[in-house]
Amino acid sequence: QVQLVESGGGLVKAGGSLRLSCAASGRTFSRHAMGWFRQAPGKEREFVTAISWSGGNPYYADSVKGRFTISRDNAKNTVYLQMNSLKPEDTAVYYCTAGFLSVMASAYNYWGQGTLVTVSS
C-alpha cells in the first residue's frame, strides 16, 4: 500500500516557476513508477510526466516538454515536479500517482488528493 500527499501548489504569474512535491508512505515506494497527471476545470485528467522506479526513462507530454522536469529521491520517498516557464494553460489540479510506467491513468494504482496550480496571465 502506498499513500501519496502532494504539496507545493499555489498561484504564480505566467513565466514563473513552481516545484511540486509528492511524499509517499509505505516501504514499496521504490518499486513503483511515479507519475503526475493534471485536470483543468471542465476538462479530463491528462498525463503530464512519469518516471521509472530507478529514476530513469522520464517522459513528458508534448505540452510540458522542455519546461517541466520530474525527479525522485527513493531515500526520501519523494517525487518532484519542477515546473518552469509556466503558462495560464498549465492551470489545473496536479495529481501524483504510483503504479506501472505508462501515460495511461489506468496503469496507476495509487493517487494523491491533488494540489492546485493557478497560473495568472
Side-chain angles (χ1 to χ4, degrees):
Q1 193 78 357
V2 177
Q3 293 183 323
L4 305 171
V5 179
E6 302 98 334
S7 61
L11 175 64
V12 64
K13 292 183 178 180
S17 298
L18 280 176
R19 188 174 83 154
L20 305 184
S21 299
C22 174
S25 63
R27 289 181 288 180
T28 62
F29 170 78
S30 63
R31 300 178 188 174
H32 292 82
M34 300 296 296
W36 289 92
F37 285 73
R38 67 186 182 185
Q39 187 166 17
K43 295 187 177 181
E44 294 186 354
R45 192 171 296 191
E46 65 174 1
F47 170 78
V48 176
T49 180
I51 192 168
S52 68
W53 67 270
S54 65
N57 301 322
Y59 52 98
Y60 301 90
D62 287 343
S63 58
V64 306
K65 200 171 296 182
R67 301 187 298 121
F68 289 12
T69 303
I70 189 172
S71 61
R72 67 187 294 165
D73 186 336
N74 287 342
K76 295 182 178 180
N77 278 12
T78 302
V79 64
Y80 305 97
L81 180 62
Q82 178 67 43
M83 305 185 295
N84 298 328
S85 301
L86 283 161
K87 304 175 181 180
E89 51 263 44
D90 294 318
T91 295
V93 176
Y94 284 71
Y95 296 92
C96 174
T97 186
F100 293 98
L101 191 63
S102 174
V103 299
M104 302 296 294
S106 58
Y108 295 89
N109 307 101
Y110 306 102
W111 293 82
Q113 82 289 350
T115 185
L116 177 62
V117 172
T118 303
V119 184
S120 63
S121 57

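We're numbering straight along the sequence, starting at 1. Small disclaimer: the values here were computed from a predicted structure and weren't measured.
Pairs engaging residues 1-19 under the side chain to side chain donor-acceptor pair (under 3.5 Å) rule: E6-Q113, S17-N84 [sequence neighbours left out]. Evaluation of the disulfide (SG to SG under 2.5 Å) test over residues 43-92, restricted to residues two or more places apart or in two chains, returns none. Applying the salt bridge (Lys or Arg N to Asp or Glu O under 4.0 Å) rule to pairs touching residues 51-65 yields D62-K65, sequence neighbours excluded. Judged as a disulfide (SG to SG under 2.5 Å), the pairs with a partner in residues 2-57 (not counting sequence neighbours) are, in order, C22-C96. Contacts classified as ring pair (Phe, Tyr, Trp, His ring centres under 6.0 Å) and involving residues 102-121 (residues at least two apart or in different chains) are given here: H32-Y110, F37-Y108, F37-W111. The list of disulfide (SG to SG under 2.5 Å) pairs with a residue in residues 28-84, not counting sequence neighbours, is empty. Every pair tested for ring pair (Phe, Tyr, Trp, His ring centres under 6.0 Å) that includes a residue from residues 66-105 fails, sequence neighbours excluded, so the list is empty.
Residues satisfying the salt bridge (Lys or Arg N to Asp or Glu O under 4.0 Å) test with R38, not counting sequence neighbours, are E46, D90. Residues passing the side chain to side chain contact (heavy atoms under 4.5 Å, CB included) test with V12 are L18, L86, V119, sequence neighbours excluded. Under the rule for a side chain to side chain donor-acceptor pair (under 3.5 Å), the partners of S54 that lie at least two apart in sequence or sit in another chain are S52. Every residue meeting the side chain to side chain contact (heavy atoms under 4.5 Å, CB included) condition with R31, not counting sequence neighbours, appears here in chain and number order: T28.
Scanning all heavy atoms of the two residues, the minimum distance from L4 to T97 falls at CD1-CA, 3.7 Å. Closest approach of S85 and R67 over heavy atoms only: O-NH1, 2.9 Å.
Cluster annotation: Y59 and M104 are assigned to the same hydrophobic cluster (Ile/Leu/Val/Met/Phe/Trp/Tyr, side-chain heavy-atom contacts under 4.5 Å, transitive). Under a hydrophobic clustering in which Ile, Leu, Val, Met, Phe, Trp and Tyr are joined whenever their side-chain heavy atoms come within less than 4.5 Å, directly or via other members, F47 and L101 fall into the same cluster.
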